[in-house]
Amino acid sequence: MLNLHSFAAGRWIAPDGAARAIHSAITSEQIAQAGSRLDTAAMLDFARNTGGPALRKLSFHDRARRLKALALHLKAHKNPLYELSYMTGATHADSQIDIDGGITTMLVFASKGRRELPDAQVYLDGDLEQLSRNGSFMGQHICTPLLGAAVHINAYNFPVWGMLEKLAPTLLAGVPAIIKPATSTAHLAEAAFRIMLESGIFPKGAMQFIAGGSGDLLARLDGQDVVAFTGSAETALKLRSAPNLLQNATRFTAEQDSLNASILGPDAKPHTPEFELFINEAYREITTKAGQKCTAIRRIIAPEALVEPVIVALSARLAGVKIGDPAARDTTMGALVSQSQRADVQARIKLISQEARRVYGEDKPPLSKGAFMTPQLFHCADPDMAKAVHEVEAFGPVSTIMPYRDLPHAAALANRGGGSLVASVITHDPEVASRLAMGIAAHHGRLYFNDRDSMGEATGHGAPLPHLVHGGPGRAGGGEEMGGIRGVMHYMQRTAVQGSPRLLSAIGQTWLPGAPVVKAATHPFRHHFEELQLGQTLTTKPRKITLEDIEHFAHFTGDTFYAHMDEEAAKANPFFPGRVAHGYLLLSFAAGLFVEPDPGPVLANTGLNALSFQKPVSPDDSLTAELTVKRKTKRTDEYGEVRWHVRLSNQEGETVATYALLTMVAYNPAKT
Ligand code: NAP
């Protein structure tokens, strides 16, 4: 029997008199115990005063690199996790979703962290806001890590994925985590946590773990802490209404249960690729994890005339399901997590069956031991009058099919869930897709459209992806997780900062227009990455642009647009005083003005962002370029990215164009 330990304030704590028993989903025998009295004040102190400061010293990129190392470390040590996963009733395929899916999620956050966040401690949210006439007083939104702890309370169904999808954005944000998994599958979560902790990749205090109950932890939280909860609506309501959480406005993200729907488009008749696809998706959602998925399809909404063909086709698929030992590779559906979970599902089925007729499945368990059950399909002929089919979540292999008359009716039925994590629409008709999107998007966190064009690569109705938001309004909890960098922001405070460009540049670790510049004696392109300073600038000599230049450029490139070639037509255009230079000519001449031709530390020009042409340039105007180091981002051990702010001006000093120029610049090999 496994004795599951908590990791609290730097020590492993064995189970004590407070321990609860954990049973195998397959044999129902006790396999572990978890639970101890914990010093929750010491845990919070360890997170807030040891873990938090150590994490905040690192930049987003440092943390992203560590996240990647952590995910790869887990990958290298994942095999024993599979044995533990089978004991939760999960098949091999289910376990892959949980274990490998969790690792991949962490890798995606690591990669996005390095690509989309700065190599700094502060994240700039949006553009600089000009608050004064001369630009000496500006506004900028910044995001910085919360100074408390993130308490993660997870559901039992995906003990590894559920832990990692919350942990990755939390650590990337620079906030320490206290993880409390559901007790019934805590043996798997504890094993995965132990692997991560023992890797020593993240600093002391960055993560702690609670096996069993969390005691009075939530009662000790304040406004700098966050609770990220996944589980039932009932538990979420109880926890989020704790007086201290309400009083301190402690952030509480809830990912709850939901009555997700899948709608079959009126065009998707039998023998179309979409009909087959619809049956495949529904089958997969009923059987994967034995239906214990927050995103599973609970309501199958089909055109009236297609209800019977769907029942026949789906029942035929379900008849082929192979229920049994989750470790056997030919098993297609494992067990529920426990006998008590099965009893809970059966009680909910009773409520559903008052409004719907069972068309597939039976009460008798398919195996005498463990928590197995057959898939159950119900048919609700009058979904308008029904209540339970839209409100009662049977968290098992259970789904109800119901008819719709027309698209507004289909949308109304989907929305009867009161807010869901996901809804899918299987259609090849763009009109159906667009009308249903407008009809149901406000009720759903994610909409999944699939048809013959995307079915080969689509990821599945039930699969939340780290790039996309996971969560839903209303009944689904009103929370959001993941969604790429959006998920990181749940652990950070957005603050509006006002001040002079000089002070805002220092705060944001980015040079801002209006802040002082540094003029170096040598051309900035002669400087290696580590030698360049923020604000280092180059102002070029002016270059006169002649009518011949414009004509030459027009014929050379083929861009003979009338605004460059025809004085009368150009004058008639509301934007131009007469013939003007091409915007691309300005960019090309600017490069010619600031470039340093000899081989040097600048390796490549990798992009040009945020280009805006602000004033036309006429023949005989002069062009000057001003290039300033805005931000530096380390990329590899050999080079880093330098983002330059470029301003092009005319002979009056008026800005004619601005843009960000991206270059890769080498380190000084003599110094590395
Ligand atoms: P649950 O019973 O609500 O428990 C969820 C978590 O809350 C568990 O870790 C549980 O710990 C903890 N908890 C319960 N009472 C607590 C308390 N007083 N203080 C602190 N923590 C407490 O849900 P579940 O049975 O684990 O999971 C199934 C439900 O989760 C389903 O309804 C499903 O739809 C939903 N779910 C939603 C999502 C989503 O992303 N939206 C994902 C998966 C599952 P113990 O286990 O120790 O009681």
Side-chain angles (χ1 to χ4, degrees), residues 4 6 15 18-22 32-36 38 40 88 97-98 105 151-163 165-166 178-187 189-190 209-221 227-242 245 252-260 288-298 336-338 340-345 348 391-396 398 417 419-422 444-446 462-465 469-482 487:
L4 305 187
S6 295
R20 277 191 272 160
I22 298 173
Q33 59 170 343
S36 32
L38 295 171
T40 54
T88 70
I97 297 173
D98 187 33
T105 297
V151 176
H152 296 167
I153 302 179
N154 296 327
Y156 75 78
N157 55 344
F158 288 108
V160 180
W161 177 85
M163 175 162 62
E165 61 97 8
K166 286 189 172 74
I178 298 176
I179 301 161
K180 188 241 162 311
T183 304
S184 54
T185 53
H187 46 300
E190 193 235 44
F209 184 85
I210 297 179
S214 55
D216 61 357
L217 177 68
L218 296 189
R220 294 179 181 277
L221 301 185
V227 182
F229 170 86
T230 300
S232 61
E234 202 182 343
T235 311
L237 179 63
K238 190 166 85 190
L239 300 188
R240 80 194 317 174
S241 44
L245 299 187
F252 192 102
T253 305
E255 294 296 328
Q256 298 171 185
D257 48 74
S258 75
L259 277 289
N260 313 293
T288 302
K289 269 307 272 193
Q292 300 163 105
K293 252 172 45 176
C294 54
T295 49
I297 298 171
R298 304 285 171 213
L336 299 189
V337 71
S338 63
S340 76
Q341 179 62 23
R342 185 174 64 187
D344 183 78
V345 172
R348 289 165 196 248
E391 291 175 8
V392 175
E393 182 204 44
F395 202 60
V398 185
S420 303
L421 296 168
V422 53
H444 296 86
R446 177 163 63 90
L465 298 174
V469 158
H470 172 60
R475 163 77 189 248
E480 258 189 16
E481 286 186 338
M482 301 199 294

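We number each residue from 1, following the sequence as shown. Remember, it's 1-based here, ligands and their atoms both numbered in the order they're listed.
One N or O on the side chain of R298 and one on the backbone of A394 form a donor-acceptor pair closer than 3.5 Å.
Partners of F395 under the ring pair (Phe, Tyr, Trp, His ring centres under 6.0 Å) rule, at least two apart in sequence or in another chain, are Y156. Taking the ring pair (Phe, Tyr, Trp, His ring centres under 6.0 Å) definition, one finds that F209 meets it with F193, sequence neighbours left out. Here E165 pairs with nothing under the salt bridge (Lys or Arg N to Asp or Glu O under 4.0 Å) rule; sequence neighbours left out.
For T253 and K166, the side-chain atoms include no donor-acceptor pair closer than 3.5 Å.
Atom NE2 of H187 is separated from atom CD1 of I22 by 6.5 Å, given to the nearest 0.5 angstrom.
Residue-level contacts of ligand 1 at the 4.0 Å heavy-atom threshold are R20, I153, N154, A155, Y156, N157, K180, P181, A182, T183, S214, F229, T230, G231, S232, T235, K238, L239, E255, Q256, D257, C294, E393, F395, L421, H470.
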